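Data first, discussion second: the structure below is written as structure tokens.
Here the structure is a predicted model, which is why all the values come from computation and not from measurement.
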Amino acid sequence: MMTKKLGRASAHATAFLHENLFREFGGDESYINLRPAMLVVPGGGYNHVSPREAEPVAVRYFAAGFDVFILYYSVGADIAVSDPLEEALECIRWIRSLDGIDVKKVCCAGFSAGGHLAALLGCYGGNDRPDGMVLSYPVITMGDGCHAGSRDMITGGDASKRRYYSVEENVGPLFPPTYIWTTAEDASVDPENSIMMFRALRKNNVVCSLHIFAEGPHGLSVANRESGKENPAVAPWLEESVGFLKKSLDIRF
């Protein structure tokens, strides 16, 4: 496992990389086995980084064939010292600098407030934005229906920053293909956030998919026993997201 320090506080990323078995078993050294990458951005309301949405997610995407990275971004008081968005962009640039990574197939999967941070990458990332996006019960708006805790943390209580951090108001046509999922029963982050995002993507002709599962609370992660919130009806979301990314980005394992 590889670790990379990010930003000006304690933020960092960890990497889970596949071995190049073709090379290990004596294959032609000129052969480059490029893999897609997945940056996992856990939630936590910008006051902590949820472990339930870190390694349990990383393991599943790794098993699907991605080289996987987990972003432990600045939260709480550290946000005033080191901007989580700058850290995420630095992480994307690092991922693309690594040998064996397909630089045109770097994806990002964000959860709750981590979904908000991931979506900001799609809005403001420029040449460093991800190529594909998965948003799981994401915080999107800073307006009506917002998750107040996330809003207050990321804006520092400054109302003038709300428009900048309202993702649905800043989506453009270069936003990457995006798979979104949530549940109709989510009482922590209003499902309308996901609907707003879907509408913003559609307005900008971005390839997108929205799945609203009927039942389940907030924070389901991979929805299995390991994640602590088992829900067999919701668990297929991850496999669906892999299928969406494979088709949208022409990923072939």
Side-chain angles (χ1 to χ4, degrees), residues 40-50 52-53 57 73-76 79 83-85 88 108-125 129-130 133-173 175-221 223 229 231 233-234 237 240-241 244:
V40 176
V41 189
Y46 284 112
N47 61 47
H48 69 283
V49 176
S50 170
R52 295 181 53 261
E53 295 161 344
V57 178
Y73 52 95
S74 288
V75 294
I79 292 175
D83 180 8
L85 178 55
C108 188
F111 296 77
S112 193
H116 179 259
L117 180 53
L120 291 178
L121 284 172
C123 293
Y124 300 123
R129 63 167 51 91
M133 189 81 67
V134 178
L135 301 178
S136 302
Y137 41 87
V139 174
I140 295 298
T141 188
M142 299 286 112
D144 293 342
C146 73
H147 183 255
S150 296
R151 178 199 65 200
D152 294 345
M153 280 290 185
I154 194 61
T155 65
D158 185 347
S160 68
K161 295 181 178 179
R162 291 183 184 179
R163 188 181 185 285
Y164 177 86
Y165 285 113
S166 286
V167 174
E168 80 281 7
E169 297 188 40
N170 296 289
V171 170
F175 203 96
T178 302
Y179 176 91
I180 313 165
W181 74 275
T182 187
T183 66
E185 293 183 341
D186 193 326
S188 296
V189 175
D190 192 326
E192 287 294 329
N193 281 259
S194 294
I195 295 170
M196 286 181 194
M197 187 63 185
F198 179 71
R199 287 174 173 163
L201 293 170
R202 291 263 298 165
K203 181 179 178 180
N204 284 277
N205 298 313
V206 176
V207 175
C208 57
S209 178
L210 171 63
H211 194 147
I212 302 178
F213 294 93
E215 299 178 353
H218 185 71
L220 282 168
S221 182
K229 292 187 178 181
N231 188 323
V234 174
W237 77 261
E240 289 180 5
S241 74
F244 173 86

Within the 4.5 Å heavy-atom criterion, are Glu53 and Val40 side-chain neighbours or not? no
**Side-chain donor/acceptor of Tyr73 to backbone N/O of Pro42, under 3.5 Å** = yes
Show every donor-acceptor pair shorter than 3.5 Å between a side-chain atom in residues 193-201 and any protein atom, with sequence neighbours excluded, or say none if there are none.
| from | atom 1 | to | atom 2 | distance (Å) |
| --- | --- | --- | --- | --- |
| Asn193 | OD1 | Ile140 | N | 2.9 |
| Asn193 | OD1 | Thr141 | N | 3.1 |
| Asn193 | ND2 | Gly145 | O | 3.1 |
| Asn193 | ND2 | Asp190 | O | 3.0 |

Closest non-hydrogen atoms of Pro138 and Val189, given as atom of the first, atom of the second and distance, are O-CG1, 3.3 Å
Check your understanding: Are any non-hydrogen side-chain atoms of Phe244 and Val134 less than 4.5 angstrom apart?
Key -> no
Note to self: For a side-chain contact (heavy atoms from CB on, under 4.5 Å) check, start with the C-alpha distance between Leu85 and Tyr124, then their side-chain angles and the critical distance, and finish with the verdict.
What the structure shows: CA-CA 9 Å; Leu85 178 55; Tyr124 300 123; 4.1 Å; yes
Distance col, row Met142:CE vs Tyr164:OH, nearest 0.5 angstrom, shows 12.5 Å
I'd like to know if the side chain of Ser221 and the backbone of Ala223 have a donor-acceptor N/O pair within less than 3.5 Å. no
Between Tyr179 and Ser241 the two heavy atoms that sit nearest each other are CD2-CB, 3.7 Å
Here the pair of heavy atoms bringing Ile154 nearest to Pro84 is CD1-CG, 4.3 Å
Here the gap from Ser209 atom OG to Leu135 atom CG, rounded to the nearest 0.5 Å, amounts to 11.5 Å
>> In the structure I gave you, are the side-chain heavy atoms of His218 and Ser112 within less than 4.5 Å of one another anywhere?
In response: yes
Heavy atoms of Gly45 and Ala113 approach each other most closely as N-CB, 3.6 Å
Open item on the list: Is any side-chain heavy atom of Val57 closer than 4.5 Å to one of Phe111?
Closed with: yes
Using modelled atom types and a 3.5 Å cut-off, is there a donor and acceptor pairing between side-chain atoms of His116 and backbone atoms of Arg151? no
Taken to the nearest 0.5 Å, the spacing of Leu121 CG from Met133 CE works out to 6.0 Å
- Task: Answer yes or no: is there a side-chain heavy-atom contact under 4.5 Å between Tyr46 and Ile79?
- Result: yes
Considering only heavy atoms from C-beta outward, does the side chain of Val171 approach that of Cys123 to under 4.5 Å?
yes
Between Ala118 and Cys108, the two heavy atoms sitting closest are CB-SG, 3.6 Å
Taken to the nearest 0.5 Å, the spacing of Met153 CE from Ser74 OG works out to 12.5 Å
### Query
Any side-chain heavy atom of His211 within less than 4.5 Å of one from Trp237?
no
Taking every heavy atom of Thr182 against every heavy atom of Pro191, the minimum-distance pair comes out as CG2-CB, 4.1 Å
Rounding to 0.5 Å, atoms CG (Leu120) and OG (Ser166) come to a distance of 10.0 Å
Just by modelled atom types, is the Asp186 backbone N or O under 3.5 Å from a matching donor or acceptor in the Ser188 side chain?
no
Taken to the nearest 0.5 Å, the spacing of Ile180 CD1 from Tyr137 OH works out to 14.5 Å
